[in-house]
2 protein chains.
Amino acid sequence: MNYRIGVDIGGMSIKVGVVDENFNIIARHSVVTPDTFEKSMKATADAVMEVIGKLGLTIHDFPCVGIGTPGSVVPETGRLCFSNNTNWKDVPMADELKKYIPIPVYIANDANCAIIGETVAGAAKGRKHVIMLTLGTGVGGGIVINGKVFSGGNGVGAELGHMVLTHDGYPCTCGMNGCLESYASATALMRQTREAIEAHPESAMNAWVQENGEVNGKTAFECAKAGDETAMQVVDTYVGYLANGIGSLINIFRPEVVLIGGGVSNAGDFFLNKIRERMPEYTFAFDITGPTPIERATLGNDAGIIGASYLDEM
Amino acid sequence: MNYRIGVDIGGMSIKVGVVDENFNIIARHSVVTPDTFEKSMKATADAVMEVIGKLGLTIHDFPCVGIGTPGSVVPETGRLCFSNNTNWKDVPMADELKKYIPIPVYIANDANCAIIGETVAGAAKGRKHVIMLTLGTGVGGGIVINGKVFSGGNGVGAELGHMVLTHDGYPCTCGMNGCLESYASATALMRQTREAIEAHPESAMNAWVQENGEVNGKTAFECAKAGDETAMQVVDTYVGYLANGIGSLINIFRPEVVLIGGGVSNAGDFFLNKIRERMPEYTFAFDITGPTPIERATLGNDAGIIGASYLDEM
C-alpha cells in the first residue's frame, strides 16, 4: 500500500482525498469552510481523520499530509501571508495544523498544487517546463521549471493572475489595478457578459439568462456557440485578454505546454481553439519560434488534492 | 593567469574585452558592426584575435570565448532565432564563429550576459534570485533563479521587455502591441518627452532641447530635477509604466533584488527612488511582503563583456 493524502482548502469548502499509486482518489470527504481561520484548521484535521477512518487506516499509515490553500505560503515557516479568497492574513497555518496532525504537514498555494497534480498525473505528465492558469473566481498561476514547482525566490511568487494586463486598468480584488485576473477570471467573464447584455438587450444571452436564472461562466460561451453575435464578441474579447496574458508568460518562460484549468476551461475545445488562434498576435517572434501547445488541464477539481498529496516530492 | 574573454555584440558596435580574476577588463577592442551577419561574425573573431594579440597571448591561453548578442539563442544549436536590433533572423551564429575561433564558443542573449555579469561581479553579487531590466533602445530582461540564468524552457525566453503592459496598447518594434518595451525603453521615454514638449511648448524641456540639440533619455530627468512641471509629469508617467512592469515581475519571481541597467539608469537615485516609491501600488500584498530591493546595476556597459566571459560557468 502506497497511499497519499491531499487537502484542497477553498473559500467555500475543504476537500480531502486519499490518492492511490495510480493517482485515483479512493476516498473523499468534504466540509463547508468555517468562518474563522482557527476553526478551518480544526475542520481540516477532522476531515483528514474522517476520510482515513473510512478506509480503516490511521494517520500513521501515511507519510505526510499535503495541503493546498489559496494565498501565498512561506515554505520555511508554513505561514500563510495573505489570501484574498479566504480573507486570512499572516496566519500560522502549519503550526495550527500540527496541533491536530501528528505527521509531517506540507503546505503550498492551491494553484501550485494543481500544477503539481497535472505534472505528476495529468495533462503535463512527464513535462519539465509547464505554466498553468486556473480560471475561476480568480486566476491562479502555477510554474514548473526543470521539473520542479517554482513559486518565487521566497516562495510567495507565481502570482500569474497578478501580472499586469492593462496599466492603470480595471480594479482587482487584490487592491491593484489592471491585473490579468481582473480581465480573465470567471468573475471577470461574468462581468463582461453582464455589461454586454445591458448594452445589447436583444442578445440571445438575455433570453439565456431568463431561462437559466443568472449569468455564469457558461452564458457567453453557450450563446456564442449557438451563433449570437454579441456573445461571440464577449468571447473574442475575453479570449484576447487571456491570450495576451498567456503570450506574456510564453515570452518569459517558453514552457513545453500551457495548461488551462478552472471552471472556464469547461468551455472545452471551442474555447481552447480560440486561444490557440490568437497566439501569433501575442507571442514574441511567433513566425520563428512557432506555437506553444495550449492544453486543457485534465484532472479538474482533483488536481489540487492529487498535487497536494505529492508536495513532499516537489 | 586566469583570464577570460567576453564579447558584446550590439547593433552599433562589437566590443571585446579580456577579464582578469578580479573582474577587471584589462584589454579592450571595439569595432563598428558591419552590415551583414557573415561580416559581423568575421569582425567578431578578428576583434577577439586583436585584443588577445595586444596582451601578447594566443587564443589557446583562454578556456573559451563567450558571446552576448541581441535576440534569442537556442543553446543546443547556437542558432540565433531572431534579433530585431541587428535584424538577423534564424542564423547559425555558433557555426559561423567556429570557422574562425578554434576554442569552445558560448553564446547567449546580451541581457542574460548582463545579469550574469552583475551576479558574478556587480550589484547582485552572491544573490540567488535576481531580475534585471536593461533600459536602452529596447528593454532587455534577465532572470537568475537559484543562482542560474533562466532563459526559458527552450532557451529563447526571458523576453521581459515583451510582457504586456497594456492590452492592445502602443505598437512595439517586435510586431506586438502594448509590450513593456514600448513604454519603458529609452526610445519610449524619448517619444513621451517629445509628445510632452509638443503639448507644452512652454516647458523647460523645450529650451533644454534648443540648447542640447535634440531630445534624449536625459531631457525629462534633468528638467524634472530642475523643477519643470511638465518634465516631472513625463518622469512620473514613465516611472509608473516601469514600476508596474517591475511589480508584475516581483509578483511572479519574488527576486532578492531587481537591477535596473541601461542608459536610462544613469538618471541615478532620483530615478531609482521614484521607482521605489511607486512599488506599493504594483506589488501583490505589499503591506505583508514588504519592499523588494531595487538597485542600479553597477557594471554599466561592462556587464555584458564580463557576463559573456563567464558563460561557461552559468
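Remember, it's a predicted structure, so these values are computed and weren't measured experimentally.
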Under 3.5 Å, which donor-acceptor pairs link chain B to chain A? Give each pair on its own line with the distance.
residue	atom	partner	partner atom	Å
B:K89	NZ	A:D287	OD2	3.2
B:G153	N	A:F253	O	2.8
B:G153	N	A:R254	O	3.2
B:A158	N	A:N251	O	3.3
B:A158	N	A:I252	O	2.8
B:E159	N	A:N251	O	3.0
B:H162	O	A:N251	ND2	2.9
B:V164	N	A:S248	OG	2.8
B:L165	O	A:H167	N	2.8
B:T166	OG1	A:H167	N	3.3
B:H167	N	A:L165	O	2.8
B:H167	N	A:T166	OG1	3.3
B:H167	ND1	A:N244	ND2	2.7
B:N244	ND2	A:H167	ND1	2.7
B:S248	OG	A:V164	N	2.8
B:N251	O	A:A158	N	3.3
B:N251	O	A:E159	N	3.0
B:N251	ND2	A:H162	O	2.9
B:I252	O	A:A158	N	2.8
B:F253	O	A:G153	N	2.8
B:R254	O	A:G153	N	3.2
B:D287	OD2	A:K89	NZ	3.2

So which of B:P255, B:C174, B:C81, B:G155 has the largest heavy-atom pair count under 4.5 angstrom toward chain A?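 Between B:P255, B:C174, B:C81, B:G155, the count favours B:C81.
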Sort out for me which of B:G161, B:G71, B:P280, B:G240 touches chain A most, counting heavy-atom pairs under 4.5 Å.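 Ranked by contacts with chain A, first place is B:G240.
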Can you list every salt bridge (Lys or Arg N to Asp or Glu O under 4.0 Å) pair that touches residues 131-147 of chain A, not counting sequence neighbours?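 Sorted result for residues 131-147 of chain A: empty, none.
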Would you call the rings of B:F253 and A:F150 parallel, tilted or perpendicular, taking 30° and 60° as the class edges?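 The arrangement is tilted - the two ring planes meet at 30° to 60°.
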Would you please name every residue forming a ring-ring contact (aromatic ring centres under 6.0 Å, His included) with B:F286, sequence neighbours left out?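 ring-ring contact (aromatic ring centres under 6.0 Å, His included) list for B:F286, sorted by chain: empty.
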Worked check of side chain to side chain contact (heavy atoms under 4.5 Å, CB included) between A:V164 and B:L165: CA-CA 6 Å; A:V164 63; B:L165 183 77; 4.0 Å; yes
How about B:I143 and A:I252: do any of their side-chain heavy atoms sit closer than 4.5 Å?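 B:I143 vs A:I252: side chains touch.
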Please list, chain by chain and in numerical order, all residues satisfying side chain to side chain contact (heavy atoms under 4.5 Å, CB included) with B:M232, sequence neighbours excluded.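 By the side chain to side chain contact (heavy atoms under 4.5 Å, CB included) rule, B:M232 matches B:A224.
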Partner chain B: residue of A:I145, A:I250, A:L160 with the largest heavy-atom pair count (under 4.5 Å):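 Of A:I145, A:I250, A:L160, A:I145 has the most heavy-atom pairs under 4.5 Å with chain B.
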Is A:L180 close to chain B through its backbone or its side chain, or both, or neither, when contacts mean heavy atoms under 4.5 Å?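 It is neither, since no heavy atom gets under 4.5 Å.
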